[in-house]
Amino acid sequence: MAPQPLTAAGVRAARRLSRGFFQRDPITVARALLGKLLIRRDGRILIAGRIVEDEAYLGQEDPAAHAHAGLTARNFVLFGPPGHAYVYFIYGNHYCLNVSCQPEGQAGCVLFRAMEPVFGLAAMSRTRGLVYSPSLPPSQLRAISSGPGRMCEALGITRLRDNNKDLTSRESDLWLADDGFCPEDIVTTPRIGITKAAERPLRFFVRGNPFVSGKRIA
DNA sequence: TTATAGATTGCCT
DNA sequence: GGCAATCTATAAT
């Protein structure tokens, strides 16, 4: 299945999500974020993807969450105001993007795991070191942004550039937006790639969407 | 000060 | 399917 592309006008018309959207518990926010657009503006270049997979990480009571250790120099964004980007470097190679949830002082976030590229596919592919053509097979289109590290690379997300950025600010070059799209069916599974609290059903994805990471399920 | 595991990916057999 | 790459936070000397 090929991605469902948007026009530049379609991307610009989408309404930016406000702080109140993120000022809720991570499970509610994670579910609500599926189908929303993640948009980057790089000068005159616009890049956008539709969120199709994410995971909720709770506060200090969640052993798998970075907030579990309490407030540190690395995770301070999680304890700050909602709607801010928490970016960390993992395995010496990749960045992962989260958005902070809950009122200020309360930790919690959503990890973005995969998006369906909808605008700027050539630019994303270039950043990913891939060669783009509209007629690529699904397996190669998936490689653009299915996976937390791949998504970040496609959007040019780094810790230096984006950590602690307010994604709800009008000036931000990275934001989330609602274009009215609503996923029909959401699947819930355990989170991926963790060992602690690995049984908790806190991963969510759009059923049947080919850009969800990992093996094809449901 | 040194060791190790980690919210991953891509290349190898 | 297996495993190396390669940085950082945190635990262990």
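We name chains A, B, ... by the order of the sequence lines, and we start the count at 1 in each one.
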Participant: Between A:T189 (side chain) and A:P201 (backbone), is there a donor-acceptor pair under 3.5 Å?
Facilitator: no
Participant: Considering only NZ, NE, NH1 and NH2 on the basic side and carboxylate oxygens on the acidic side, decide whether A:R16 and A:D178 come within less than 4.0 Å.
Facilitator: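 Judged by the 4.0 Å cut-off on N to carboxylate O distance, A:R16 and A:D178 do not form a salt bridge.
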Participant: Using a 4.0 Å heavy-atom cut-off to protein, can you give one letter per nucleotide of nucleotides 3-13 of chain B, 5' to 3': B if the base is in contact, S if only the sugar-phosphate is, - if neither?
Facilitator: ---BBBSS---
Participant: Got a sec, which residues hit salt bridge (charged side-chain N to carboxylate O under 4.0 Å, His left out) with A:R200, two or more places apart in sequence or on another chain?
Facilitator: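 If we apply the salt bridge (charged side-chain N to carboxylate O under 4.0 Å, His left out) test to A:R200, skipping adjacent residues, there are no hits.
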Participant: Under 4.5 Å side-chain heavy-atom separation, chaining through any Ile, Leu, Val, Met, Phe, Trp or Tyr, what else clusters with A:F79? Say none if it is isolated.
Facilitator: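 Result for A:F79 is A:Y57, A:L71, A:F76, A:V77, A:L78, A:Y86, A:Y88, A:I90, A:Y91, A:L111, A:I194.
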Participant: Is any NZ, NE, NH1 or NH2 atom of the basic residue among A:R203 and A:E53 found under 4.0 Å from an Asp or Glu carboxylate oxygen of the other?
Facilitator: yes
Participant: Give me the distance, rounded to whole Å, that separates C:dG1 from B:dA7 when you measure between the C1' atoms they each carry.
Facilitator: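 Approximately 22 Å lies between the C1' atom of C:dG1 and that of B:dA7.
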Participant: Looking at residues at least two apart in the chain, or sitting in another chain, which of them share a salt bridge (charged side-chain N to carboxylate O under 4.0 Å, His left out) with A:D162?
Facilitator: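 For A:D162, the residues satisfying salt bridge (charged side-chain N to carboxylate O under 4.0 Å, His left out) (neighbours in sequence not counted) are A:R40, A:K165.
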Participant: Apply side-chain hydrogen bond (donor to acceptor under 3.5 Å, both in side chains) to residues A:T188 and A:R31 and explain how you reach the verdict.
Facilitator: CA-CA 9 Å; A:T188 305; A:R31 290 181 153 276; 3.0 Å; yes
Participant: Between the side chains of A:E116 and A:R50, is the shortest nitrogen-to-carboxylate-oxygen separation below 4.0 Å, so that they form an ion pair?
Facilitator: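 No salt bridge links A:R50 with A:E116.
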Participant: Using both pair distances under 3.5 Å as the test, note the stems of at least 3 consecutive Watson-Crick or G-U pairs that include DNA chain B.
Facilitator: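 In DNA chain B, stems of three or more pairs: B:1-6 with C:7-12, B:8-12 with C:1-5.
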Participant: Please indicate whether A:E184 has more than 12 foreign heavy atoms, meaning atoms of other residues, nucleotides or ligands, lying under 6.0 Å from its CD.
Facilitator: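 Atom CD in A:E184 is not packed in, count stays at 12 or less.
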Participant: Tell me, which of residues 116-125 of chain A have any heavy atom that sits under 4.0 Å from an atom in DNA chain B?
Facilitator: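 Contacts with DNA chain B under 4.0 Å: none.
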Participant: Tell me whether A:R12 at atom CZ has more than 12 heavy atoms from other residues, nucleotides or ligands lying less than 6.0 Å away.
Facilitator: no
